[in-house]
Amino acid sequence: MPELPEVETVRRGLASAVLAADIVSAQVRHRRVVRRQPGGARHFTIALAGSRITSVQRRGKYLWLELADGGCDGAALVAHLGMSGQFRVTEKQRIHDNHARAALRLADGRTLLFRDQRTFGWLLLSDIGATGVPEAVAHIGRDPFDPEYDLAAVSARLASSNSGIKRQLLSQTVVSGVGNIYADEALWRAEVFPETPGVLLGQQRCAEVLTQAHAVMAAALAAGGTSFDPLYVAVNGESGWFERSLDVYGREGEPCRRCGAPIMRERFTNRSSHRCPKCQAPPH
DNA sequence: CATTTATCCTGTAAGC
DNA sequence: TGCTTACAGGATAAAT
């Protein structure tokens with residue numbers, strides 16, 4: 001599932017593949033991909049035609065292409081990969097792809113394709129506000145790789161809430177980029193019970209969790225960046241390039257690498273939570 | 001306001 | 001073998 005390291009890998013691939021490219025035309029191949037777009041597919045395709053890609057940006061799991069000229073001057077094409085979204089650049093003229101949701105024809109003959117099996121991903125044209133991020137991304141907190149990310153401020157906010165620490169990590173509003181996999185990994189590294197309320201955890205322990213989240217995502221990014229093909233700017237949700245490095249996620253029943261106790265899996269808000277029952281025991 | 005829950009979707013895999 | 005069911009989960013609208 002694409003979390004920050006995977007999305008950053010895609011961002012780098014897009015930057016090397018389509019920076020300064022001109023968009024000749026846009027095609028929506030599945031309506032659902034533009035479900036958040038005011039004006040729908042019609043506005044989307046009309047506005048994109050004639051635009052130029054001037055930069056490729058990211059915050060948390062959100063990606064965007066800054067645009068100039070055309071009907072999108074000063075706006076951005078915001079993309080969220082959801083569970084299974086991929087970008088791909090192809091030289092092919094005819095697209096035979098059941099999962100292709102949108103296609104941008106580039107002036108040099110190539111096509112930038114947005115593919116998405118489970119259709120949780122989306123594309124949206126959004127104006128870039130005074131903060132420098134698209135309006136559609138304004139509610140998302142800075143991620144740990146952001147130069148203006150403030151560890152003390154974020155940990156203070158986490159520690160001021162009664163909500164459980166994992167829930168807060170996944171919310172994307174205080175800090176962004178962390179999904180279910182890296183949340184479990186960070187909490188294991190910090191030896192924290194996932195449902196510990198922020199207020200009970202305290203600012204120092206919250207900071208430790210955030211530091212570990214940053215560390216594990218940096219390691220994953222380093223691993224993901226090594227096998228990179230600029231013409232196949234892809235995220236495979238099931239791909240396991242970092243899987244062998246995971247300490248708890250998907251390791252139910254296997255021994256904890258710190259203490260040997262069998263890793264347990266629990267239901268958590270319609271998904272799974274993995275933890276060591278000894279290293280990450282509930283408080284009290 | 002803060003916080004929690006239901007919902008969207010489809011390919012894969014396990015169970016009967 | 002073939003059908004049914006559970007599961008994976010990010011973000012957000014709706015509910016509490």
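Values below: all heavy atoms of this structure, side chains included; hydrogens, waters and symmetry mates excluded. Proteins come first, then strands; the chains are lettered A, B, ... in the order of their sequence lines, and each starts at number 1.
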Q. Near DNA chain B, which residues from residues 119-129 of chain A have a heavy atom under 4.0 Å away?
A. A:Thr119, A:Phe120
Q. Whole Å only: how far is the CG atom of A:Asp184 from the P atom of C:dA8?
A. 11 Å
(Q) Nearest whole Å is fine: how far is C:dA8 P from A:Asp116 CG? (A) 19 Å
Q. Between A:Glu3 (CD) and C:dA8 (C1'), how many Å, whole number?
A. 12 Å
**Q.** B:dG11 OP1/OP2 closer than 4.0 Å to side-chain N/O of A:His99
**A.** yes
Q: Select base, sugar-phosphate, or nothing to describe what A:Arg35 touches, counting heavy atoms under 4.0 Å on all strands.
A: nothing
**Q.** Separation of atom CE in A:Met83 from atom P in C:dG10, rounded to whole Å
**A.** 6 Å
Q. Within the pair A:Arg36 and C:dT12, is there a side-chain N or O less than 4.0 Å away from OP1 or OP2?
A. yes
Q) With a 4.0 Å cut-off on heavy atoms, is A:Ser161 in touch with a base, just the backbone sugar-phosphate, or nothing at all? A) sugar-phosphate
**Q.** Rounded distance (Å) that lies between atom P of B:dT3 and atom CD of A:Glu195
**A.** 15 Å
(Q) Is A:Ser84 close enough to B:dC9 that one of its side-chain N or O atoms is under 4.0 Å from OP1 or OP2 there? (A) no
Q: Please check the phosphate of C:dA8 (OP1 and OP2 only) for any side-chain N or O of A:Arg267 closer than 4.0 Å.
A: yes
**Q.** NZ/NE/NH1/NH2 to OD/OE distance under 4.0 Å, A:Arg101 and A:Asp116
**A.** no
Q) What's the CG-C1' distance between A:Leu63 and C:dA11, to the nearest Å? A) 15 Å
Q) Taking a hydrophobic cluster as the set of Ile, Leu, Val, Met, Phe, Trp and Tyr residues connected by side-chain heavy atoms closer than 4.5 Å, whether directly or through intermediates, do A:Phe114 and A:Phe44 fall within one such cluster? A) yes
Q) Just to confirm, is there a sub-4.0 Å distance from OP1 or OP2 of B:dT4 to any side-chain nitrogen or oxygen of A:Arg167? A) yes
**Q.** Interatomic distance where CG belongs to A:Leu169 and P belongs to C:dA11 [whole Å]
**A.** 13 Å
Q: Have a look at A:Phe268 and say if it touches a base, only the backbone sugar-phosphate, or nothing, with a 4.0 Å heavy-atom cut-off.
A: nothing
Q. Residues in ring-ring contact (aromatic ring centres under 6.0 Å, His included) with A:Phe145, at least two apart?
A. A:His214
(Q) Mind checking if A:His139 touches a base, just sugar-phosphate, or nothing, with heavy atoms under 4.0 Å? (A) sugar-phosphate
Q.
So that I can tick it off, tell me whether A:Glu148 and A:Arg142 are bridged by a salt bridge, with the cut-off set at under 4.0 angstrom between side-chain N and carboxylate O.
A. yes
Q) Considering only side-chain heavy atoms of A:Gln117, which listed nucleotide, B:dT5, B:dC8, B:dT10, is closest? A) B:dT10
Q. Can you check the A:Arg115 CZ to B:dG11 P distance for me, whole Å?
A. 12 Å
Q: State plainly whether the residues A:Glu91 and A:Arg110 are in salt-bridge range, i.e. N to O under 4.0 Å.
A: no
Q: Answer yes or no: does a side-chain N or O of A:His80 lie under 4.0 Å from OP1 or OP2 of C:dA11?
A: yes
Q: Give A:Asn162 one of three labels, base, sugar-phosphate or nothing, depending on what nucleic acid heavy atoms sit under 4.0 Å from its own.
A: sugar-phosphate
Q: Using a heavy-atom cut-off of under 4.0 Å over every strand shown, decide if A:Thr269 touches base, sugar-phosphate, or nothing.
A: nothing
Q | A:Glu191 and A:Arg258 ion-paired at < 4.0 Å | A | yes
Q: Can you figure out which of B:dT10, B:dC8, B:dT4 approaches the side chain of A:Ser163 most closely?
A: B:dT4
Q. Is a donor-acceptor pair below 3.5 Å formed from side chain A:Arg271 to base C:dG10, judging by atom type as modelled?
A. yes
Q) Between A:Arg11 and A:Glu8, is there a salt bridge with N-O shorter than 4.0 Å? A) yes
Q | Salt bridge A:Arg275-A:Asp184, side-chain N to carboxylate O under 4.0 Å | A | no
